[in-house]
Amino acid sequence: MRAFFVLCSLACAVFAAAPARAGAWLYPAGNGQVIVTTTFADARKAYDARGRLIATPSYRKFEARVYVEHGITDWLNFVGEGGYMDFSGAASPTNHLNQLIAEAKARLPLTLKPPPGPQYEGLGLGSAGARLRLFTYGDYVFALEASLRAASPEARRFLDMRDPVQIDARFLMGRPITVFGLKGFIDTQIGYRSRGQNGDELRADFTAGLRPWDKLLVMAQSFSAFAPRGGVATFVAAQKLQLSAVYDVTPSLSVQLGGVTALSGANSPAERGVISALWWRY
């Protein structure tokens, strides 16, 4: 149980939902967007190795992230992200029990107050990379994206990072769609991420968006990740569902509000939360 809680604490951001982005589509040279996202989330349970929900020490976290996308050329975009996080976790009962046993063996006064849980406040993830348009085929657009991710040693304890620098590479495909006369899009991303808390990972992100009105975009997003044995657990998997709405206040400014929840997993927290974001396009 102790190892499981440690894994959940370390991986609290392993499969964090991300703001909707341009996906496979690129911005033309000189244009781009900035998305500022805030997330409030917590977890009181976790999925065990068999995918069953079990009670674990709870945690809560706040994240603020700034995502930037800029067109260097019509076929190459810069992508980058920086963030701040505040994580507060409850102490594990096992840790307190081990402490009491050790004190009793040493014939020391017993500490009735449990030790503090994991805590962190400060800078989170930083990343920089590029998205390259490969080709188009009819309505389909295909792209490739690669980024370098970095964080401080203190922040990495609460992020999905084992090494100071991490590689994230993904293949993207998108196309516009029309459903019952409503315009929208679908975006698919299949990726690889190096050296997470439980080893290398495979990732699969899917987004579907529809516009019931010209100024309103409704999105359903799925974020999945799979990590084979390479750390504390034999296998880590998680899937999060995010539902949100983006309202265009002006042609260049939009606001987003939504919720996210962990649908399933293995050795991962059953996290849930609310997100809000401000989009600026230029």
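In this chain, residues are counted from 1 in sequence order.
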Tell me whether the count of non-hydrogen atoms from other residues, nucleotides or ligands lying under 6.0 Å of [atom1] in [X] goes above 12.
{"X": "I72", "atom1": "CD1", "answer": "yes"}
{"X": "R175", "atom1": "CZ", "answer": "yes"}
{"X": "Y140", "atom1": "OH", "answer": "no"}
{"X": "Y137", "atom1": "OH", "answer": "no"}

Measure the spacing between [atom1] of [X] and [atom2] of [Y] and express it to the nearest 0.5 Å.
{"X": "S252", "Y": "W280", "atom1": "OG", "atom2": "CH2", "answer": "8.0 Å"}
{"X": "R131", "Y": "L26", "atom1": "CZ", "atom2": "CG", "answer": "6.0 Å"}
{"X": "L263", "Y": "L241", "atom1": "CG", "atom2": "CG", "answer": "5.0 Å"}
{"X": "T207", "Y": "Q189", "atom1": "OG1", "atom2": "CD", "answer": "6.5 Å"}
{"X": "L125", "Y": "E63", "atom1": "CG", "atom2": "CD", "answer": "9.0 Å"}
{"X": "L243", "Y": "L257", "atom1": "CG", "atom2": "CG", "answer": "11.5 Å"}

Step by step, work out the side chain to side chain donor-acceptor pair (under 3.5 Å) result for Q239 and S222.
-> CA-CA 7 Å; Q239 181 189 20; S222 171; 3.1 Å; yes
With V218 via side chain to side chain contact (heavy atoms under 4.5 Å, CB included) - residues at least two apart | P212, L216
Where do [X] and [Y] come nearest, in terms of heavy atoms and distance?
{"X": "L278", "Y": "V255", "result": "CD1-CG1, 3.7 Å"}
{"X": "N267", "Y": "F235", "result": "ND2-O, 2.7 Å"}
{"X": "S268", "Y": "G265", "result": "OG-CA, 3.6 Å"}
{"X": "M161", "Y": "A150", "result": "CE-CA, 3.6 Å"}
{"X": "A270", "Y": "A262", "result": "CA-CB, 3.9 Å"}
{"X": "V34", "Y": "V66", "result": "CG1-CG1, 4.0 Å"}

Are [X] and [Y] linked, directly or through other ILVMFWY residues, by side chains that come within less than 4.5 angstrom of each other?
{"X": "L182", "Y": "F185", "value": "no"}
{"X": "V68", "Y": "V246", "value": "no"}
{"X": "F171", "Y": "V79", "value": "no"}
{"X": "F78", "Y": "L172", "value": "no"}
{"X": "F40", "Y": "I275", "value": "no"}

Given side chain to side chain donor-acceptor pair (under 3.5 Å), test D200 with Y192 step by step and report yes or no.
-> CA-CA 7 Å; D200 295 349; Y192 160 83; 3.1 Å; yes
Main chain of [Y], side chain of [X]: is a donor-acceptor contact present, judged purely on distance under 3.5 Å?
{"X": "T178", "Y": "G181", "result": "no"}
{"X": "D163", "Y": "V165", "result": "no"}
{"X": "N77", "Y": "A130", "result": "no"}
{"X": "R60", "Y": "S88", "result": "no"}

Does [X] reach the side chain of [Y], with side-chain heavy atoms less than 4.5 Å apart?
{"X": "L132", "Y": "W75", "result": "yes"}
{"X": "M219", "Y": "Q256", "result": "yes"}
{"X": "T38", "Y": "F62", "result": "yes"}
{"X": "L148", "Y": "I167", "result": "yes"}

Assess whether a salt bridge exists between [X] and [Y], defined as any Lys/Arg side-chain N lying under 4.0 Å from an Asp/Glu carboxylate O.
{"X": "R156", "Y": "E154", "answer": "no"}
{"X": "E271", "Y": "K61", "answer": "yes"}
{"X": "R272", "Y": "D42", "answer": "yes"}
{"X": "R149", "Y": "D168", "answer": "no"}
{"X": "D248", "Y": "R211", "answer": "yes"}
{"X": "R133", "Y": "D74", "answer": "no"}

Audit row: S147, S127, side chain to side chain donor-acceptor pair (under 3.5 Å) steps and yes/no = CA-CA 6 Å; S147 298; S127 71; 5.2 Å; no
Take D160 and R193 through the side chain to side chain contact (heavy atoms under 4.5 Å, CB included) test and state the conclusion after the steps.
-> CA-CA 10 Å; D160 180 32; R193 184 172 295 173; 4.2 Å; yes
Could you walk me through whether F206 and D187 pass side chain to side chain contact (heavy atoms under 4.5 Å, CB included), step by step?
-> CA-CA 6 Å; F206 303 98; D187 180 76; over 6 Å; no
Residues L210, V179; criterion side chain to side chain contact (heavy atoms under 4.5 Å, CB included); working and verdict = CA-CA 8 Å; L210 285 176; V179 179; 4.0 Å; yes
According to the interplanar angle, ranging from 0 to 90°, do the rings of F87 and F158 count as parallel (below 30°), tilted (30 to 60°) or perpendicular (above 60°)?
-> tilted
Please determine which of E69, H70, R281 meets the side chain to side chain donor-acceptor pair (under 3.5 Å) test together with Q33.
-> E69
Identified side chain to side chain donor-acceptor pair (under 3.5 Å) partner of D205 from the options Q221, K240, R170 = R170
Take R65 and I35 through the side chain to side chain contact (heavy atoms under 4.5 Å, CB included) test and state the conclusion after the steps.
-> CA-CA 8 Å; R65 290 175 289 168; I35 303 178; over 6 Å; no
Please list, chain by chain and in numerical order, all residues satisfying ring-ring contact (aromatic ring centres under 6.0 Å, His included) with Y84, sequence neighbours excluded.
-> none
